[in-house]
Amino acid sequence: MSKIVVVVPTYNEAENIPKLTTRLLALPVAGVEILVVDDNSPDGTGRLVDELAAADPHIHAMHRAGKLGMGTAYVQGFDWALQNGADIVIQMDADFSHSPEAIPAILDALSGCDVVVGSRYVKGGKLDERWSFWRKLLSWFANSVWVRFILKTPITDSTGGFRAWKRATLIGMNVSQIRSNGYIFQVETTYIAHRLGYKFCEVPIYFEDRRYGTSKMGFAIQLEAAVGVFQLWWRYHGLKPSMRAQEV
């Protein structure tokens, strides 16, 4: 049985995290554990996760000193998962924009790939109907034109954050080298994996706007991601499959 660790970064997600952990542990998938990486949420998310972890050994809490960013949360979460024997690491948001019920299909696809991306733009994928036309256009352009044109990545949803990674893939990527700390983190991991020759698969998902709480995506974050694509090309375009890291 594979050990599967779902890494979920949180900041003010007290409304969502009990519901999310319940649905994750109810999936018809064996070996699922959950690591919540909390950035000292003022709403008490961290304390709530401690209570959930005390009641269920499949739930784990990582507490950080403050709002240190999604990218570093995932890097630390991936590292914890690998150190604790994870065979598969899943990353997802806490706000239900990523449906837990899509995980079985993502895991099925992982049998033939190194990383699986839950995609909004592959055939069968869908965006929340409440998104405006311009928001949909911006997201499509960022993924299908901007990122793919500059970085030549093979997938339709490089900014999507619903993914499953094989252990060997994360180790080969040496995730500790990842520097991005905003939503460009998703593009950075995509590009590193692509340059190192790992095989991608995409599974269509329905991307729903968060049900509870407040979105943390603003124009400044979007602008950072757009400009950061050029920095990623400069930093990683020389990577080759022969440069994969090896597990010690």
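These numbers come from a predicted model, not from an experiment. The first residue of the sequence shown is numbered 1, and numbering continues consecutively from there.
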Practice item. Indicate yes or no: at least one non-hydrogen side-chain atom of N84 is less than 4.5 angstrom from one of V5. Key: no
Review point. Given I103, which of D108, V203, I90 fulfils the side-chain contact (heavy atoms from CB on, under 4.5 Å) condition?
Key: I90
Revision key, fill the gap. Value for CG (D50) from OG1 (T45), rounded to nearest 0.5 Å, stands at 11.0 Å
Point to revise | disulfide bond (SG atoms under 2.5 Å apart) contacts touching residues 99-180 (sequence neighbours left out) | key: C113-C201
Point to revise | Heavy atoms of other groups near K152 NZ, more than 12 under 6.0 Å | key: yes
Practice item. Quick one: sort the H237 and W234 rings into parallel, tilted or perpendicular, breaks at 30° and 60°. Key: tilted
Review point. So which heavy atom on A164 is nearest to which on L110, and how close?
Key: O-CD1, 3.7 Å
Check your understanding: In terms of ring plane angle, is the pair F185 and Y74 parallel, tilted or perpendicular, where the classes change at 30° and 60°?
Key -> parallel
Review point. Do D87 and R167 meet the salt-bridge criterion of a basic N to acidic O distance under 4.0 Å?
Key: no
**Study point:** disulfide bond (SG atoms under 2.5 Å apart) pairs, two or more places apart, involving residues 11-78
**Key:** none
Exercise for review: Go through R235 and Y191 one step at a time and tell me if the side chain to side chain contact (heavy atoms under 4.5 Å, CB included) criterion holds.
Suggested key: CA-CA 10 Å; R235 190 178 302 154; Y191 191 47; over 6 Å; no
Check your understanding: Are F200 and E202 close enough, and set up right, to give a side chain to side chain contact (heavy atoms under 4.5 Å, CB included), and what steps lead you there?
Key -> CA-CA 7 Å; F200 286 83; E202 291 186 273; 5.8 Å; no
Exercise for review: Answer yes or no: is there a side-chain heavy-atom contact under 4.5 Å between I17 and L20?
Suggested key: yes
Study note, to complete from the structure: Partner of Q91 under side-chain hydrogen bond (donor to acceptor under 3.5 Å, both in side chains), picked from H98, R163, Q186, is Q186
Review point. Honestly, is R64 close enough over Y11, meaning NZ or CZ under 6.0 Å from the six-membered ring centre and within 45° of the axis?
Key: no
Check your understanding: Cationic tip of R195 within the cone over Y236's six-membered ring, i.e. under 6.0 Å and within 45° of the normal?
Key -> no
